[in-house]
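Everything below concerns the one structure shown next.
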Number of protein chains: 4
Amino acid sequence: MRGRTFTQDARRTQIVEATIETLAEIGYTKTSFTAICRHANLSSTGLISYHFAGKPQLLREVTRTILEKAGTLRTGHVEQETTYRGKLGAYISSHFDFMARYPAHARALTEIAGLVRERPALGLDDVARSALSVETLVVLLEEGCRAGEFRIPDPPVLALAVQGALDNVVRHHELFAVADLGRLARELTDIFTRCTLAP
Amino acid sequence: MRGRTFTQDARRTQIVEATIETLAEIGYTKTSFTAICRHANLSSTGLISYHFAGKPQLLREVTRTILEKAGTLRTGHVEQETTYRGKLGAYISSHFDFMARYPAHARALTEIAGLVRERPALGLDDVARSALSVETLVVLLEEGCRAGEFRIPDPPVLALAVQGALDNVVRHHELFAVADLGRLARELTDIFTRCTLAP
Amino acid sequence: MRGRTFTQDARRTQIVEATIETLAEIGYTKTSFTAICRHANLSSTGLISYHFAGKPQLLREVTRTILEKAGTLRTGHVEQETTYRGKLGAYISSHFDFMARYPAHARALTEIAGLVRERPALGLDDVARSALSVETLVVLLEEGCRAGEFRIPDPPVLALAVQGALDNVVRHHELFAVADLGRLARELTDIFTRCTLAP
Amino acid sequence: MRGRTFTQDARRTQIVEATIETLAEIGYTKTSFTAICRHANLSSTGLISYHFAGKPQLLREVTRTILEKAGTLRTGHVEQETTYRGKLGAYISSHFDFMARYPAHARALTEIAGLVRERPALGLDDVARSALSVETLVVLLEEGCRAGEFRIPDPPVLALAVQGALDNVVRHHELFAVADLGRLARELTDIFTRCTLAP
DNA sequence: TATGAATGAGACTTCATTCAT
DNA sequence: TATGAATGAAGTCTCATTCAT
């Protein structure tokens, strides 16, 4: 009963991807099982119920999938840098890279992230504490302090600030006409580099 | 028939307040007319329909109410300061002040602000462009630059960053156990003051 | 308790007229108390309920009013003629006259007449048997037969046919572009005169 | 997903028939989804919504079904005749035949036909223009004229008259106690044959 | 008399989920 | 495994009617 077959995994992946696209396209409140099926040409909502115990479980999987992709990308960027200042810049620009490569995932995440009050119901509390949260960034900032590169009074607060700033700029990047994502990344890096400046 | 009576205004206010509390308590997706009625001890959802043309109209009024409260508070804080640096600090701390005084309003706003995709449906597009947006802050930063107090490469981007940072810190302030909101305000002010530093 | 004051009658008349206009304009199914109030700038649906025991009673009064107007008109036309053939023609043309003079009443009647199954509920059964029905016409035809002017195998059937033909032509008169109602009246008179022709 | 299955067709048919019976029995205004379900012993109104996109769509299907049945019957009758006079008689008697064979359908049609104002909302405008209308009859009369059998000043007007007469007699046939539908058919045929008489 | 706020039943519709096949 | 018909709860909204003022 434990473990999943290859076919099952493929179906689950298909459904998760369909959900992400639907979320990105029509928003959370309109994303019903029916809507997901329409978007992915799935034959019946029963298929979704068959593969997922419920809507919360599906959304949890969706969130996991998105955060994993974003995390992998970020880790790749960050680890290439040797200085903590460089790592911070990489952390920031990986956000924009993610949006450029997986725009649907990015938009879907925006939809889900807004649902603060839903998270418990979605079983996302552990997720929130890890990936949605800023642990990684906090650690990065703290190590940078210890290494003498940064001078930050309260790393968790700065981490939350950076994350919120990133999300918000990403969310509204459409405002910047022919959004030059690279430029945005550079500017934000600049902004937060100044904050961390050891004198 | 034309215009609103005193009684009507009172009821509308009551319903709006009940909606805000409901949003704060159980989140957007669970906030049905029925749920609102439970919160306000109203006898039937028909009463809400009687006073508001529809759900979008109710939510528009809710948003208006919240933003007005937040705006008034902010204006008060900001105008007391004479320097632009002071104004920026006041802008930031007014956010925390709002959260301290009207926690339900603040949490409700978080729920609504997440509904990027819903805004058109809710008729919030004009609202989004003014109060939900960062216009005020952009102007403040630009004037500060012109006055020689700030040195900011791209005010709109910084404004979005500040707003996002504030929202995010406010959203997760519960993480900081015995949240000392004053301290948070000071730290964020410090962070963003450094970014705007004219050399 | 019996009897009505002058004011009451005026109000009742006003409401009845408002209802007729509403029926004519938006059709039976959309004619709610609220819609009637909008159309007549009445301040509250309570006013209607105050003056009429219920919706059926209002509609009965509406029907009575319309049929009375139509009946008066018809009687006037018919009695001016001396021959039964003339009376039949007058009967027919009075229908078009009614439509020309009271278009809203005519259209409203169309809306009500369609509701065959509602009539009992509306307490219109007696009405249907008298004014909505063809008694008058049947008598006219029978007397014409006795007078030797007509030769009709089964007057009630012809009467129903005439009435139905009239209603239908009136209902669809919009089809005839710049409907020349006079011409239509003449043609129908011609048609049914031929049917009644004594050899 | 595409196309309809056998089961679906069966259910749709069942619902359409149930609707027709309900319309015939309690009239248009009382025919709610709930009422239809009672009539067909369906468990929930959701079932109707599952099979039909909305109430207008259901009513359109109902109308289509009724008109198709009536049309088939009529065509069969009419085509068996060789003279235009014969065809006119067949056209008329097919109406009574329809009423005799499908009394519920006939009564339901009466209910729907009354909703002149609703037709656009019901998407019945095209239907109204073809089957609810008198095109067929107009053509028949015109061809009869060309063939020298009829002498009719204005075929569309006569057609409307015939249709209206038929509907009205059918509608009130209950008045004729032991309604001998055959006799009624013969009398109406007689009436309208006289009108079309070429001298 | 008139007002208009309130009520509660009932309308249509959407939805996640179940279940026989 | 997959299908898709069916279910029933819940949602928003409309409406005639009631009632305190």
Side-chain angles (χ1 to χ4, degrees), chain A residues 4-5 7-8 10-12 29-37 42-58, chain B residues 1 3-12 29-37 42-58, chain C residues 4-5 7-8 10-12 29-37 42-58, chain D residues 1 3-12 29-37 42-58:
Chain A
R4 291 199 183 96
T5 68
T7 312
Q8 270 179 331
R11 266 276 186 263
R12 286 173 67 94
T29 56
K30 292 203 205 110
T31 297
S32 63
F33 280 13
T34 305
I36 296 169
C37 287
L42 301 180
S43 53
S44 135
T45 63
L47 184 65
I48 301 180
S49 288
Y50 178 76
H51 284 283
F52 293 89
K55 211 186 186 190
Q57 283 76 9
L58 169 59
Chain B
M1 208 95 184
R4 277 190 195 111
T5 64
F6 172 75
T7 311
Q8 252 178 343
D9 274 340
R11 263 277 184 266
R12 285 173 66 96
T29 56
K30 291 207 203 102
T31 297
S32 64
F33 280 10
T34 306
I36 297 168
C37 286
L42 303 177
S43 56
S44 97
T45 66
L47 183 63
I48 299 181
S49 290
Y50 177 75
H51 286 281
F52 292 90
K55 210 185 187 190
Q57 282 78 7
L58 169 57
Chain C
R4 290 199 183 94
T5 69
T7 311
Q8 270 179 332
R11 265 277 186 262
R12 285 173 66 95
T29 55
K30 289 203 207 111
T31 297
S32 63
F33 281 11
T34 305
I36 296 169
C37 288
L42 302 179
S43 53
S44 134
T45 65
L47 184 65
I48 301 180
S49 288
Y50 179 75
H51 285 283
F52 293 90
K55 211 188 186 188
Q57 283 77 8
L58 169 59
Chain D
M1 206 97 183
R4 277 189 195 111
T5 64
F6 173 75
T7 310
Q8 252 178 343
D9 274 340
R11 262 278 184 264
R12 283 173 67 94
T29 55
K30 292 208 203 102
T31 297
S32 64
F33 280 9
T34 306
I36 297 169
C37 285
L42 303 177
S43 56
S44 97
T45 64
L47 184 62
I48 300 181
S49 289
Y50 177 74
H51 286 282
F52 293 89
K55 211 186 186 188
Q57 282 78 6
L58 169 59

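Labels below follow one simple rule: chain letters A, B, ... track the order of the sequence lines, proteins then strands, and each chain is numbered from 1.
Set against F/dT3, E/dA2, F/dT7, the side chain of D/Leu47 has F/dT7 as its closest nucleotide.
Axis angle across the helix from E/dA2-F/dT21 to E/dT21-F/dA2, with five pairs used at each end and values rounded to 10°: 20°.
Of the side-chain N and O atoms in A/Ser43, none sit less than 4.0 angstrom from OP1 or OP2 of F/dA2. Contact annotation: B/Gln8 side-chain N/O to E/dG4 OP1/OP2 distance is not under 4.0 Å. Contact check, C/Thr5 against E/dT1: a side-chain N or O comes under 4.0 Å of OP1 or OP2.
Nearest-nucleotide positions on DNA chain F place D/Thr7 closer to the 5' end than the other of C/Thr31 and D/Thr7. With the nearest nucleotide of DNA chain E identified for both D/Ser32 and B/Arg11, B/Arg11 has the one nearer the 5' end.
For the pair A/Ile36 CD1 and E/dC15 C1', the computed distance is 12 Å after rounding to whole Å. Atom-to-atom, CZ of C/Arg12 to P of E/dT1 comes out at 12 Å; the value is rounded to the nearest Å. Remark: P of F/dG11 and CD1 of B/Ile48 are 11 Å apart, rounded to the nearest angstrom. In this structure, the CG atom of D/Asp9 is 13 Å from the C1' atom of F/dA5, given to the nearest Å. Residue D/Leu58 contributes atom CG, which lies 10 Å from atom P of E/dT13 at whole-angstrom precision. Between the CZ atom of D/Arg4 and the C1' atom of F/dA5 there is a distance of 14 Å, rounded to whole Å. Distance CD (D/Gln57) to P (E/dC12): 13 Å, rounded to an integer number of Å. Look at NZ on B/Lys30: it is 14 Å from P on F/dA10, rounded to the nearest Å.
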Please tabulate, one pair per line, each protein N/O and nucleotide N/O from nucleotides 17-21 of chain E that are separated by under 3.5 Å, including the distance.
{"unit_1": "E/dT17", "atom_1": "OP2", "unit_2": "A/Lys55", "atom_2": "N", "d": "3.3"}
{"unit_1": "E/dT17", "atom_1": "O4", "unit_2": "A/Thr45", "atom_2": "OG1", "d": "3.1"}

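Partners of D/Arg12 under the salt bridge (charged side-chain N to carboxylate O under 4.0 Å, His left out) rule, at least two apart in sequence or in another chain, are D/Glu61. B/Ile36 pairs by the side-chain contact (heavy atoms from CB on, under 4.5 Å) definition with B/Ala18, B/Thr19, B/Thr22, B/Thr31, B/Phe33, B/Ile48, B/Leu58, not counting sequence neighbours. Residues forming a side-chain contact (heavy atoms from CB on, under 4.5 Å) with D/Ser44 (at least two apart in sequence, or on another chain): none. For B/Ser43, there are no side-chain contact (heavy atoms from CB on, under 4.5 Å) partners, not counting sequence neighbours.
D/Arg11 CZ to D/Thr5 OG1: the interatomic distance, rounded to the nearest 0.5 Å, is 11.0 Å. Atom OH of D/Tyr50 and atom CD of D/Gln8 lie 5.5 Å apart (nearest 0.5 Å). The NZ atom of B/Lys55 lies 11.0 Å from the OG atom of B/Ser49; values are rounded to the nearest 0.5 Å.
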